[in-house]
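Right, one structure below, let's go through it.
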Amino acid sequence: QVHLVESGGGLVQPGGSLRLSCAAAGIFFSINSMGWYRQAPGKQRELVATHTTGGLTNYADSVKGRFTVSRDNAKNTVYLQMNSLKPEDTAVYYCNAGIKTVRDLSGSYYWGQGTQVTVSS
C-alpha cells in the first residue's frame, strides 16, 4: 500500500513562511508527477503547484512568485516552500502524486492526509 505523508503545516503571520513536505511511503514502482492542492473552507479544492519527475513545474496564478515547489527524487519527497504568506492562503494543503505499483502498473493518483496552513495576525 502506498501512502503520502505530509508535514510542515502550522500557524504563521502574514508575510511569514512555511515549508511543506510530502513523502511517498510504501511499496511502489515509480512516481510520475507530485504536487500540491489546497482547499479553503467553503471553497473547492484547487491546484497550487505541480512538479514532474523531469523537473517541469506549474503554479497557480495566486501563488506564482511566492511559492516554490521542489522535489527530491531520491527521497520520494516533494516540498512546497511558501513565502510572503497571505491570509487567503489559509487552507488545508493536500499532497497528490501519480504512482505506479507492481499491482497497478498503469498508475493511480494518491492523496496525502492534508496539513492545515493558517495565516493570521
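Everything numeric here is computed off the predicted structure, so don't read it as measured data.
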(message) Which label fits Tyr94 and Trp111: parallel for a plane angle under 30°, tilted from 30 to 60°, or perpendicular past 60°?
(response) perpendicular
(request) Mind checking the CZ-CG spacing from Phe29 to Leu105? Nearest 0.5 Å is all I need. (result) 6.5 Å
(message) Within a 6.0 Å radius of atom CD1 on Ile27, are there more than 12 heavy atoms belonging to other residues, nucleotides or ligands?
(response) no
(request) To the nearest 0.5 angstrom, please state how far the OH atom of Tyr37 sits from the CZ atom of Arg45. (result) 9.5 Å
(request) Count the heavy atoms belonging to other residues, nucleotides or ligands that lie under 6.0 Å from CD of Gln44, then report whether that count exceeds 12. (result) no
(request) Using distance alone, with no hydrogens and no angle criterion, decide if Asn32 and Ser30 have a side-chain donor and acceptor under 3.5 Å apart. (result) no
(request) Could you walk me through whether Thr53 and Arg71 pass side chain to side chain donor-acceptor pair (under 3.5 Å), step by step? (result) CA-CA 8 Å; Thr53 302; Arg71 185 171 172 177; 3.1 Å; yes
(request) Measure across Gln81 and Ser17 and return the closest heavy-atom pair with its distance rounded to 0.1 Å. (result) NE2-CB, 4.0 Å
(message) Could you check whether any side-chain N or O of Thr57 sits under 3.5 Å from a backbone N or O of His51, counting only pairs where one atom can act as donor and the other as acceptor?
(response) no
(request) Go through the steps for Asn58 and Lys64 under the test side chain to side chain contact (heavy atoms under 4.5 Å, CB included), then give the verdict. (result) CA-CA 9 Å; Asn58 184 45; Lys64 196 175 301 180; over 6 Å; no
(request) Identify the two heavy atoms, one from Ile99 and one from Ala24, that lie closest to each other, and give their separation to 0.1 Å. (result) CD1-CB, 4.4 Å
(message) Tell me the closest heavy-atom pair linking Val78 and Cys95, and the distance in Å.
(response) CG1-SG, 3.9 Å
(message) Under a plain distance cut-off of 3.5 Å, with no hydrogens placed, do Gln116 and Thr118 share a side-chain donor-acceptor pair?
(response) yes
(request) Using the six-membered ring of Tyr79, assess whether NZ or CZ of Arg19 lies under 6.0 Å from its centre and within 45 degrees of the ring axis. (result) yes
(message) Rounded at 0.5 Å granularity, tell me how far CD in Gln13 sits from OG in Ser120.
(response) 8.5 Å
(request) Starting at CG of Leu47, measure out to CG of Asn96 and round the result to the nearest 0.5 Å. (result) 9.0 Å
(message) Please enumerate all residues that pass salt bridge (Lys or Arg N to Asp or Glu O under 4.0 Å) together with Arg66, with sequence neighbours excluded.
(response) Asp89
(message) Under a plain distance cut-off of 3.5 Å, with no hydrogens placed, do Thr77 and Asp72 share a side-chain donor-acceptor pair?
(response) no
(request) Would you give the length of the straight line joining atom OG of Ser62 to atom CD of Glu46, rounded to the nearest 0.5 angstrom? (result) 5.0 Å
(request) Would you mind reporting whether Tyr110 and Thr101 have side-chain heavy atoms less than 4.5 Å apart? (result) yes
(message) Which heavy atom of Gly8 sits nearest to which heavy atom of Leu18, and what is that distance?
(response) O-CD2, 3.8 Å
(message) A side-chain contact here means heavy atoms from C-beta on lying under 4.5 Å apart; do Phe67 and Asn83 qualify?
(response) no
(request) Begin with the C-alpha distance, continue with both residues' side-chain angles, and end with the deciding distance and a verdict on side chain to side chain contact (heavy atoms under 4.5 Å, CB included) for Val117 and Met82. (result) CA-CA 10 Å; Val117 172; Met82 304 183 293; 3.8 Å; yes
(message) Taking Val2 as the starting point, is it possible to reach Ile31 by hopping between hydrophobic residues whose side chains are less than 4.5 Å apart?
(response) yes
(message) Does Leu4 form a side chain to side chain contact (heavy atoms under 4.5 Å, CB included) with Cys22? I'd like the steps, not just the answer.
(response) CA-CA 6 Å; Leu4 298 179; Cys22 174; 3.8 Å; yes
(request) Kindly write out the residues that satisfy salt bridge (Lys or Arg N to Asp or Glu O under 4.0 Å) with Lys43, not counting sequence neighbours, or none if the list is empty. (result) none
(request) Compare every heavy atom of Ala49 with every heavy atom of Leu80, then report the nearest pair and how far apart it is. (result) CD1-CB, 4.2 Å
(message) Would the distance check show the side chain of Tyr59 and the main-chain N or O of Val69 forming a donor-acceptor pair, the cut-off being under 3.5 Å?
(response) yes
(request) Mind listing the closest non-hydrogen atom pair of Val48 and Tyr93 along with its distance? (result) CG2-CE2, 4.1 Å
(message) Using a 3.5 Å distance criterion without hydrogens, assess whether the side chain of Thr115 forms a donor-acceptor pair with backbone atoms of Gly9.
(response) yes
